[in-house]
Amino acid sequence: MAREWLDLGMRLASIEERLARLEKRGLATPAPGASSQNAKGIDPVKFRETLAGVFDF
């Protein structure tokens, strides 16, 4: 069960990264509350790298 949640978290981080790139290109409008989410200090890239190191994938 924990493995499934971690996998979902990694996929969500990837989706957020892709959305951010689209927003930078002007192809998508920023999501409401996106700035407050970034204020929490969650870095999707570091999150994914940490999980990859823990589970060796």
About how many Å separate CZ of Arg18 and CD of Glu23, when rounded to the nearest 0.5 Å?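 These two atoms lie 13.0 Å from each other.
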Nearest-0.5 Å distance that lies between atom CG in Leu19 and atom NZ in Lys24: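 Answer for the CG-NZ pair, Leu19 versus Lys24, is 11.5 Å.
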Applying side chain to side chain donor-acceptor pair (under 3.5 Å), name anything that partners Arg21, two or more places apart in sequence or on another chain.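 Side chain to side chain donor-acceptor pair (under 3.5 Å) check on Arg21 returns nothing, list empty.
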If the test is side-chain contact (heavy atoms from CB on, under 4.5 Å), which one of Arg3, Glu4, Arg11 qualifies with Asp7?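 Single pass found, and it is Arg11.
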Which residues share a side chain to side chain contact (heavy atoms under 4.5 Å, CB included) with Leu6, sequence neighbours left out: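 If we apply the side chain to side chain contact (heavy atoms under 4.5 Å, CB included) test to Leu6, skipping adjacent residues, the hits are Leu51, Phe55.
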